[in-house]
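These notes are about the structure you will find just below.
Every chain is numbered from 1 and lettered A, B, ... according to where its sequence line falls, protein lines coming before strand lines.
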Amino acid sequence: MKRTEIASVLKSGQVGAEITVKGWVRTRRGSKNVNFIALNDGSTIHNLQVVAEAELFGEDLIKNINTGTALGVTGTLVASAGSGQAVELNARTIEVIGLADPEKYPIQPKRHTLEFLREMAHLRPRTATFSAIFRIRHAMVYAIHSFFHERGFYNVHTPIITSSDAEGAGEMFRVTVLPAENAPLNEEGKVDFSQDFFGKPANLTVSGQLEGELFAMALAKIYTFGPTFRAENSNTSRHLAEFWMIEPEVAFSDLNDNMDLAEDFLKYLINYALDHCMDDLQFLSNRLTEEEKNKPVEQRSMELISKLRFVAENDFVRLPYSQAIEILINSKPNKKGKFQYPVTGYGTDLQSEHERYLVEQEFKKPVILTNYPKEIKAFYMRLDDNGKTVAAMDVLFPQIGEIIGGSQREERIEVLEARMDEMNIPKHEMEWYLDTRRFGGCPHAGFGLGFERLMLFVTGMGNIRDVIPFARTPKNCEF
RNA sequence: UCCUUAGUAGCUCAGUCGGUUAGAGCGGCGGACUGUUAAUCCGUAGGUCGUAGGUUCAAGUCCUACCUGAGGAGCCA
């Protein structure tokens, strides 16, 4: 008989129907006469309770049904005789499809720490928490493409291997076929990359933005969504060496349009999760509440679903850097010397503690900081008329910090070249980029959204390593 | 990379001031139980105390280095 997914059994299963389900055992309990098996097939967070009367099944079969076992069950769907579930499956035949030795299978029907499960990244999707996270992850991927498609954007696959080392977005991973030992040397005694695969040094991309801009100058509205690699030695709960980034780029668009797009985008994604992932969100919310039960009330975070609704329903604060500095200078923690890095005046680079103060204390909602001093931002950001600031924007979220970084781009070639000279960006390697300004250049803007940071926010998880299937971080490249 | 902190049974942890044979709960295994919800009850096995040195009559406990995890910082998405 064809397998019915548990999600559809629980949603629209007819009592009295004969069905077959296949899935993995979460727990089994029982007495001499009857066994109860919680079966999950990944289609939903919820399990289907299978009832196995002892007289129908031999002890040898029952003994093989342990946590983790893959099982096929055929039987009759009935109204549950116990409380806790509306329906259950009265088993007529049970097929053990794959054994899971209970002495060796590491996932137990009890709470495990996230750190332990992280070491078991190959098995952790079988837990309720991680299956919920990865169902939501899928929904978010789908929603991202929907959002842009509905608005007439085109998806562009920008290259993963690049030879451009001028992007300045971080340390890069070198891509080479040269031997690690005794690599060929040139006359200067340095590695001779002319003998390498591409005839010059190549790296994994740290951003698709520059290539994205090229396509925005033709298709007008584009977005990239691809893997991104940074070889920074970052050991934090919000950094990965390999992560996924969404980078829209829009022609004939300025900083305000860019902020509107970013805000609409984030709210669309959050609403999509609320509309399509409620069961999983509810589970994660309960889990979080349970986990924070022992914390003092004032340290607990806002309930997950309320938090998502709150962000989706309220306007983000838009604040120029100069005004942020004013607020911070006059803030209580600054006056009382509570900041580790006191805010003294214009030009100070904002530290995490300052961003968190603005988002979590002052405004208590997402904040878009704009118009930073040019000294602390990238060369391609458009210089404001004051000559001091650039048309940059950072979207800051509670707990996560920077979730989006973007800007209106410098379209005036003289200004752009002057900025590149100031910042020692080698122009001769960037002629293709400068061509966009030479031929039919126009005002344009875009941003980068860290996909896993979005996932942190939507799922309420605290560590970015738990919202990507297999995390790559310094000293960790398992699986 | 820096600061803080942790590493004891499969998992989560306790282990006092350095002192005899290393402790619990959960999980596993054996048994009991007329429908359970992380079932319950009885019994039982399970340990290179992160690694390497050092101090000491004696080290899970003190010291040093290293490894790994976590929290924070920097870098950023």
Look at the side chain of [X] and decide which nucleotide, out of [options], has an atom nearest to it.
X: R230(A); options: G28(B), U36(B), A77(B); answer: A77(B)
X: K110(A); options: G10(B), A70(B), G74(B); answer: G10(B)
X: N235(A); options: U1(B), G28(B), A77(B); answer: U1(B)
X: S31(A); options: G74(B), G69(B), C33(B); answer: C33(B)
X: E232(A); options: A70(B), G27(B), C75(B); answer: C75(B)
X: R29(A); options: U36(B), G74(B), G27(B); answer: U36(B)
X: Q108(A); options: C11(B), C75(B), U1(B); answer: C11(B)
X: K475(A); options: G35(B), G10(B), U68(B); answer: U68(B)
X: H112(A); options: G71(B), A73(B), C11(B); answer: C11(B)
X: N33(A); options: A73(B), C29(B), U34(B); answer: U34(B)

Starting from [atom2] on [N], measure out to [atom1] on [X] and report it in whole angstrom.
X: L114(A); N: G69(B); atom1: CG; atom2: P; value: 15 Å
X: R238(A); N: G71(B); atom1: CZ; atom2: P; value: 10 Å
X: D349(A); N: C76(B); atom1: CG; atom2: P; value: 8 Å
X: M381(A); N: A77(B); atom1: CE; atom2: P; value: 8 Å

Check the geometry between F243(A) and A77(B) and answer yes if their rings are stacked (centres below 5.5 Å, planes below 30°), otherwise no. yes
Test item: side-chain donor near acceptor, E242(A) and T228(A), under 3.5 Å: no
If we ignore angles and hydrogens, is there a donor and acceptor under 3.5 Å between the side chains of R29(A) and T27(A)? yes
Check every strand shown and say whether G82(A) touches a base, only sugar-phosphate, or nothing at a heavy-atom separation below 4.0 Å. base
What is the nucleic acid contact for I400(A), judged by heavy atoms within less than 4.0 Å: base, sugar-phosphate only, or nothing? nothing
Looking at D394(A) and K377(A), does any basic side-chain N land under 4.0 Å from a carboxylate oxygen? yes
Are any of R118(A)'s side-chain N or O atoms less than 4.0 Å away from OP1 or OP2 of A70(B)? yes
Determine whether S131(A) and T127(A) make a side-chain contact, defined as any pair of heavy atoms from C-beta on separated by less than 4.5 Å. no
F215(A) six-ring centre to K221(A) NZ/CZ under 6.0 Å and within 45° of normal: no
